[in-house]
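FYI, the numbering just counts along the sequence from 1. In what follows, every heavy atom counts, from backbone to side chain, and hydrogens, waters and symmetry copies are set aside.
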Amino acid sequence: MSFEMDKFRLDGKVALVTGAVYGIGFEIAKSLAKAGATIVFNNLNQESVNQGLANYEKEGIKAHGYVCDVTDEEAVKKMVAQIKEEVGVIDILVNNAGIIKRIPMIEMEAKDFRQVIDVDLNAPFIMSKAVLPDMIEKGAGKIINICSMMSELGRETVSAYAAAKGGLKMLTKNIASEYGQYNIQCNGIGPGYIATPQTAPLRELQENGERHPFDQFIVGRTPAARWGTPDDLAGPAVFLASEASDFVNGHILYVDGGILAYIGKQP
């Protein structure tokens with residue numbers, strides 16, 4: 001049977017990308033929209049949802065925004081039911097919402113550790129649990145978890161984040177194991193260091209004309225010798241959301257320019 005490029009199309013699909021007001025989630029949602037999907041997103045308050053709607057409108061995308069705390073199971077159930085009634089059954093879920101707290105482990109309070117775990121790991125569990133019944137009934141569904149290189153590596157000050165993202169990697173594999181029989185695929189994307197407005201100060205030239213030390217570190221540590229761009233995430237996101245990836249399950253696709261494959265240059 002010959003392969004058809006239409007398998008990458010998402011026409012008629014409803015994609016919920018959590019927390020996708022800006023940043024990586026917003027860029028992924030834009031790529032799904034360009035492939036034909038109807039975009040739904042959420043955020044914590046109406047002000048941020050309104051900002052998100054404006055951001056999508058500037059891109060010529062008619063998105064649907066909802067106020068919802070993804071760590072609140074009852075609120076998530078209500079949002080998913082409302083989306084089903086107002087937009088349609090969720091075909092694609094991208095668990096993008098997340099936080100990071102950069103605090104040395106011995107200085108971090110347990111409540112801060114728990115908050116990171118709650119947003120970065122418990123929320124994807126809650127969201128996935130809410131959409132799975134309709135996916136099972138439909139006999140199809142895509143869940144994409146936004147993992148991290150910290151799903152594989154540790155680094156100073158990110159004990160909670162690394163623990164959560166490592167757990168999210170294993171949750172991804174378990175959802176694939178438990179629900180693959182229903183033609184549901186659960187995979188992850190692990191972005192490397194992506195050039196966004198938030199990371200711009202780390203890439204500005206210093207007064208002496210040299211690169212910022214962190215910029216030098218990332219470029220030197222990356223075989224591609226550059227930061228990633230939001231466009232680098234578009235293809236992987238569309239692939240994992242589409243029928244083209246129907247036999248890809250429980251996989252974490254690291255979009256990192258080769259960092260995880262590279263031991264680094266000898267000093």
Side-chain angles (χ1 to χ4, degrees), residues 9-100 115-116 118-135 138 140-147 168 186 188-189 191 194 196-198 230-231 233-234 236-238 240-242:
R9 293 295 306 173
L10 302 176
D11 303 287
K13 304 293 186 182
V14 175
L16 168 58
V17 186
T18 64
V21 169
Y22 56 83
I24 287 174
F26 179 66
E27 298 298 333
I28 287 175
K30 283 199 303 181
S31 70
L32 301 182
K34 288 176 183 177
T38 298
I39 300 302
V40 182
F41 71 97
N42 78 289
N43 220 305
L44 284 170
N45 55 60
Q46 191 62 53
E47 183 180 2
S48 61
V49 168
N50 290 343
Q51 182 60 59
L53 291 170
N55 292 344
Y56 285 104
E57 189 174 353
K58 285 179 186 175
E59 298 288 336
I61 298 169
K62 177 177 171 47
H64 304 263
Y66 293 84
V67 176
C68 181
D69 177 353
V70 289
T71 68
D72 182 336
E73 187 166 13
E74 289 307 311
V76 166
K77 287 179 182 176
K78 290 178 182 176
M79 177 181 69
V80 168
Q82 192 175 357
I83 292 169
K84 182 178 180 179
E85 182 180 343
E86 297 176 355
V87 185
V89 171
I90 296 165
D91 301 288
I92 302 157
L93 168 65
V94 181
N95 282 311
N96 164 76
I99 61 171
I100 187 169
Q115 185 186 11
V116 175
D118 205 22
V119 176
D120 293 359
L121 180 56
N122 291 342
F125 163 77
I126 291 168
M127 287 299 316
S128 300
K129 180 183 172 185
V131 303
L132 277 166
D134 281 333
M135 290 181 174
K138 198 170 187 177
K142 302 282 183 175
I143 297 175
I144 302 172
N145 292 323
I146 303 304
C147 295
L168 186 58
C186 182
I189 293 177
I194 306 296
T196 64
Q198 287 77 20
D231 279 350
L233 297 170
V238 170
L240 292 179
S242 73

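Of the possible polar contacts, none joining the Asn145 side chain to the Cys147 backbone as a donor-acceptor pair under 3.5 Å is found. Between the side chain of Lys142 and the main chain of Ser242, a donor-acceptor pair closer than 3.5 Å is present. No donor-acceptor pair under 3.5 Å is formed between the side chain of Asp134 and the backbone N or O of Val89. Listed for the Thr18 side chain is a donor-acceptor partner under 3.5 Å among the backbone atoms of Asn96.
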### Task
Determine, step by step, whether Asn55 and Gln51 satisfy the side chain to side chain donor-acceptor pair (under 3.5 Å) criterion, reporting the C-alpha distance in whole Å, the side-chain angles of both residues, the deciding distance to 0.1 Å, and the verdict.
CA-CA 6 Å; Asn55 292 344; Gln51 182 60 59; 2.9 Å; yes
### Query
Given the rule in the side chain to side chain contact (heavy atoms under 4.5 Å, CB included) test, do Lys30 and Ile61 qualify, once you have shown the distances and angles that lead to the verdict?
CA-CA 8 Å; Lys30 283 199 303 181; Ile61 298 169; 3.8 Å; yes
### Task
Go through the steps for Val94 and Ile146 under the test side chain to side chain contact (heavy atoms under 4.5 Å, CB included), then give the verdict.
CA-CA 7 Å; Val94 181; Ile146 303 304; 3.9 Å; yes
### Task
Would you check, one step at a time, whether the test side chain to side chain contact (heavy atoms under 4.5 Å, CB included) holds for Leu132 with Leu93?
CA-CA 10 Å; Leu132 277 166; Leu93 168 65; over 6 Å; no
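Considering NZ of Lys138 and CD1 of Ile90, their distance stands at 10.5 Å, rounded to 0.5 Å. In this structure, Cys186 SG and Asn95 CG are separated by 8.0 Å, a value rounded to the nearest 0.5 Å. Atoms CD and CD1, from Gln115 and Ile99 in turn, are 4.0 Å apart once rounded to the nearest 0.5 Å. For the atom pair Thr71 OG1 and Asn122 CG, the distance stands at 8.5 Å (nearest 0.5 Å). Interatomic distance, Asp118 CG to Asp69 CG, rounded to the nearest 0.5 Å: 8.0 Å. A distance of 11.0 Å separates OG in Ser128 from CD1 in Ile144, rounded to the nearest 0.5 Å.
Here the side chains of Val49 and Phe41 are in contact, with some heavy-atom distance below 4.5 Å. Under the 4.5 Å side-chain criterion, counting only non-hydrogen atoms from C-beta, Met79 is in contact with Asn42. Asp120 has its side chain out of reach of Leu168: every pair of non-hydrogen atoms, C-beta onward, lies at least 4.5 Å apart. By the 4.5 Å heavy-atom criterion applied to side chains, His64 and Thr38 are counted as neighbours. Using a 4.5 Å heavy-atom threshold, the side chains of Glu27 and Thr196 count as separate.
Residues satisfying the side-chain hydrogen bond (donor to acceptor under 3.5 Å, both in side chains) test with Tyr56, not counting sequence neighbours, are none. Applying the side-chain contact (heavy atoms from CB on, under 4.5 Å) test to Ala15 and every residue at least two apart in sequence or in another chain returns Leu32, Ala37, Ile39, Ile92. For Lys129, the side-chain hydrogen bond (donor to acceptor under 3.5 Å, both in side chains) partners at least two apart in sequence or on another chain are Glu73.
Across all non-hydrogen atoms, the minimal contact from Leu10 to Ala241 is CD2-O, 3.4 Å. For Ala35 against Val238, the heavy-atom pair with the smallest separation is CB-CG1, 4.0 Å. Heavy-atom minimum distance, Ser31 versus Ala234: CB-CB, 3.6 Å. The shortest non-hydrogen separation linking Ile189 to Pro236 is CD1-C, 4.1 Å.
Surrounding CD of Glu57 are at most 12 heavy atoms belonging to other residues, nucleotides or ligands under 6.0 Å away. Other residues, nucleotides and ligands contribute at most 12 non-hydrogen atoms within 6.0 Å of the NZ atom of Lys84. Under a cut-off of 6.0 angstrom, the local environment of CD in Glu86 is crowded, with over 12 non-hydrogen atoms contributed by other residues, nucleotides or ligands.
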